[in-house]
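What follows is a set of notes on a single structure, which appears directly below.
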Amino acid sequence: MKKRVFLIISISFIIGCQVKKEKQSTVIFKKYDETPALQKQQNHENKRMQFKLFQSKYLDMNTVFKPFETDLAYFSEENYTALKPFVLEQDIPALQKNIKKGILSYEKLTLFYLYRIRKFESDSAKSLNSIISLNPNVLKEARACDKNKKENAEYSIYGMPIFLKDNINTKDMPTTAGAIALAENKNTADAFIVEKLREKGALILGKVNLSEWAYFFCAGCPLGYSAIGGQTLNPYGRGVFETGGSSAGSAVVVAANLAVAAVGTETAGSITSPSSLNSVVGLKPTIGVFSRTGIVPISSTLDTPGPMTKNVIDNAIFMNSMSGYDKNDFASKKIGQDYLQNGFNQKLKGRRLGVLKSLLSDSIYATTIEKLKKVGVEIVEITAPEISFDGFTTLLNIDMKHDLPKYLTEFAAKNISVKSVKEVVLFNLKDSVLRAPYGQQLFDGILKDKTTLEELEVIKKNLSIESKKYLQALKVKNLDAILSINNYHSGIAAVAKHPTLTVPMGYKSSGEPISLTFIGIPFSERKLLEIGYAFEQLTKVREMPKNYQ
């Protein structure tokens, strides 16, 4: 009898293992026929939304998820459902408190996000094409965080799973900028800001999709498209609303609660645009606050990374986590700012905020201004002067012509053969259907631009003068910030070297998100965060995308 029971148990165990093995080897991510959806997309009134493809022709997400098969086999839908109230839309302090209470652990939190990503990205009706790669060591790192828990972690990035835009170097994942030319850009050193994040205990969950080459590649092509990652989609309206660019994936993963937060990069609007259109908080800091070392560039004059989060508190925590002086970045400054300090004042009363008269025709903006007036904000209406923005594209052209080769030589993997814009163009021409289906007109423009470095300095000077003229009310009228919409004035703020913070302001009748953007004087990030926090607490408008709850 004992032998029979032992035999039954043994057979059950073997069958269970076989089932487990079969479950692990099942293909979760399957290519689907996107023809009907693409045909429908051609009727979109926005030409940039008339996509040529949705799915990546390069990535196999089954391969991306392979390192997690065994661990996810033990994480059930029941586990996921039980944890949802303690994770979704929670800020970092709340997550850290739940971990301290034992409701969560850093490992469970990471598994939750991995499960959620797989759940939505494997669904052809809900996939957002936001992920390019995952850190194969992230669960091991999460367990290490659990083993070495910090007592004062409440306002810390410690153990928090975050994503990076895939133009930021990491030692454990490729850095592609969305381009097939950089598909094998592996085993690089971590970018300076990634070193800082790891020092603080952040868990780098993976890399996210972006507009290829940070949207300085093709003209009039879709925002959020790359040859590596395919077409990133907006969770508030898949194929209906634009994602914004170029940090599309960074905004989408935050909006859809696929991670705690993400890092984006901006040259002129690439953080504020996708943050605004995906109802998340994005901060483009003053050049010099964060290092750019190890980041695929457009412009050493204007480029900067920045945090993208669901709320302002997390943004401030992120700011503290990435800061640090980098002697290898000529623009880096020794700031020494604590962006949290003693918390944020929730009062807006007494703040002097500039309102652009030209934007008051927007009903949501106008309504928001009235709300601010009611709580004691001193509103100063501004008629901004007309300015010339001539030479802006030339600035980007000549900077990238010189800055990209420097990255490819000094910071890319040694096996990367392309060493210049021209070589990337020639590489893409060998298979333009796969590598550049929308063309590479902006790269062609870089090659045609013969502006000298001496002429470029004149252009930079003129642009700086003009953009500062546009924002002169900040100092002339002693304003705490100027209020804009989305990324409407991001180019001007970028050239003037002014920081911008965008915070959800509401939703249009169509359901498309719209945000209020605060423009401050250089190095006023702390003040912008405090004003943004007070505004966020006053309005509390952010809503989760309904199909991702």
Side-chain angles (χ1 to χ4, degrees), residues 59 61 64-65 67-68 87-88 92 95 106 109-121 127-139 141-142 157 159-178 190-191 193-194 196-198 200-211 214 224 226 228-230 232-235 243-266 270-271 274-275 278 280-283 290 294-296 305-311 314-315 317-318 321-322 548:
L59 278 183
M61 290 301 289
V64 172
F65 265 87
F68 310 106
V87 179
L88 298 188
I92 288 173
L95 291 171
Y106 296 117
L109 182 61
T110 306
L111 278 167
F112 176 90
Y113 285 125
L114 288 168
Y115 185 91
R116 183 170 168 84
I117 293 164
R118 189 181 68 175
K119 180 184 179 73
F120 286 115
E121 291 299 291
S127 58
L128 299 169
N129 302 326
S130 54
I131 312 298
I132 283 183
S133 59
L134 294 170
N135 176 5
N137 305 309
V138 71
L139 285 173
E141 293 165 6
I157 201 80
M160 296 291 103
I162 64 169
F163 274 112
L164 305 174
K165 186 176 180 179
D166 195 19
N167 60 350
I168 302 171
N169 276 8
T170 50
K171 60 189 177 184
D172 38 23
M173 288 166 281
T175 302
T176 72
D190 281 340
I193 60 165
V194 177
K196 291 298 169 189
L197 286 165
R198 292 194 201 268
K200 299 291 196 305
L203 297 173
I204 310 301
L205 185 54
K207 301 282 197 72
V208 289
N209 204 3
L210 67 160
S211 305
S226 80
I228 293 282
T232 316
L233 299 169
N234 189 323
T243 57
S246 64
S247 305
S250 300
V252 165
V253 293
V254 174
N257 281 262
L258 302 183
V260 172
V263 182
T265 65
E266 174 161 327
S270 287
I271 289 173
S275 294
N278 290 277
V280 302
V281 176
L283 195 154
F290 293 140
I295 299 176
V296 182
M308 299 167 73
T309 60
K310 288 183 286 291
N311 54 74
D314 288 2
N315 212 279
I317 291 170
F318 226 142
S321 303
M322 290 197 292
Y548 299 87

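For clarity, every value in this text was computed on a predicted model and none was experimentally measured.
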Checklist entry - Where is the tightest heavy-atom contact between Ala251 and Ser275, given as atom of each residue plus distance? => result CB-N, 4.0 Å
Checklist entry - Does Lys310 use its side chain to pair, donor to acceptor, with the backbone of Val260 at less than 3.5 Å? => result yes
Checklist entry - What are the two closest heavy atoms between Ala259 and Phe163, and how far apart are they? => result CB-CD1, 3.4 Å
Next on the checklist: How long is the straight-line distance from CE of Met61 back to OG of Ser133, given to the nearest 0.5 Å?
Outcome noted: 9.0 Å
Item to check | Ser130: which of Ile117, Val252, Val254 passes side chain to side chain contact (heavy atoms under 4.5 Å, CB included) | outcome: Val252
Checklist entry - Looking only at heavy atoms, what is the nearest atom pair of Met173 and Pro136, with distance? => result CG-CD, 4.5 Å
Item to check | Short side-chain donor-acceptor distance under 3.5 Å, Lys200 and Ser321 | outcome: no
Next on the checklist: One pair to check against side chain to side chain contact (heavy atoms under 4.5 Å, CB included): Leu88 and Arg116. What are the steps and the verdict?
Outcome noted: CA-CA 11 Å; Leu88 298 188; Arg116 183 170 168 84; 3.7 Å; yes
Checklist outcome for this item: One should read off an interatomic distance between Ile132 CD1 and Ser226 OG, to the nearest 0.5 angstrom, of 4.5 Å
Next on the checklist: Let's go through Leu283 and Ile271 carefully: what are the C-alpha distance in whole Å and the side-chain angles of both, what is the deciding distance for side chain to side chain contact (heavy atoms under 4.5 Å, CB included) to 0.1 Å, and is it a yes or a no?
Outcome noted: CA-CA 7 Å; Leu283 195 154; Ile271 289 173; 5.9 Å; no
Item to check | Under 3.5 Å: donor-acceptor pair, side chain of Glu266, backbone of Pro305 | outcome: no
Checklist entry - Tell me, do Phe318 and Val263 make a side-chain contact under 4.5 Å, heavy atoms counted? => result yes
Checklist entry - Does the side chain of Asn278 reach to within under 4.5 Å of the side chain of Asn234, using non-hydrogen atoms? => result yes
Checklist entry - Only one of Asn135, Asn167, Thr175, Thr176 clears side chain to side chain donor-acceptor pair (under 3.5 Å) with Lys207; which? => result Thr175
Next on the checklist: Could you measure the distance from the CE atom of Met308 to the CD1 atom of Ile162? Nearest 0.5 Å is fine.
Outcome noted: 13.0 Å
Checklist entry - Without hydrogens or angle criteria, can the side chains of Ser211 and Ser246 be said to hold a donor-acceptor pair below 3.5 Å? => result no
Checklist entry - Could you state the interatomic distance from CG (Leu128) to CZ (Phe120), rounded to the nearest 0.5 Å? => result 8.5 Å
Checklist entry - Do Pro161 and Leu109 come close enough that some side-chain heavy atom pair is under 4.5 Å? => result yes
Next on the checklist: How long is the straight-line distance from OH of Tyr106 back to CG of Leu95, given to the nearest 0.5 Å?
Outcome noted: 9.5 Å
Next on the checklist: Would you say that Asn257 contacts Tyr548 through its side chain, given a criterion of any heavy-atom pair below 4.5 Å between the two side chains?
Outcome noted: no
Checklist outcome for this item: Scanning both residues in full, the closest heavy-atom pair of Thr309 with Val280 reads O-CB, 3.3 Å
Checklist entry - Can you name the nearest heavy-atom pair linking Asn209 to Gly224, along with the distance? => result ND2-O, 3.7 Å
Checklist entry - So, do Leu164 and Ile204 sit near enough that their side-chain heavy atoms are less than 4.5 Å apart? => result yes
Next on the checklist: Would you say that Leu205 contacts Val253 through its side chain, given a criterion of any heavy-atom pair below 4.5 Å between the two side chains?
Outcome noted: no
Item to check | Ala191 versus Gly294, closest heavy-atom pair with distance | outcome: CB-O, 3.6 Å
Checklist entry - Quick one: does Ile131's side chain get under 4.5 Å of Val208's, heavy atoms only? => result yes
Checklist entry - Atom NZ of Lys171 and atom CG of Asn137: how far apart are they, to the nearest 0.5 Å? => result 9.0 Å
Checklist entry - Can you find a side-chain donor-acceptor pair between Ser247 and Lys165 that sits under 3.5 Å? => result yes
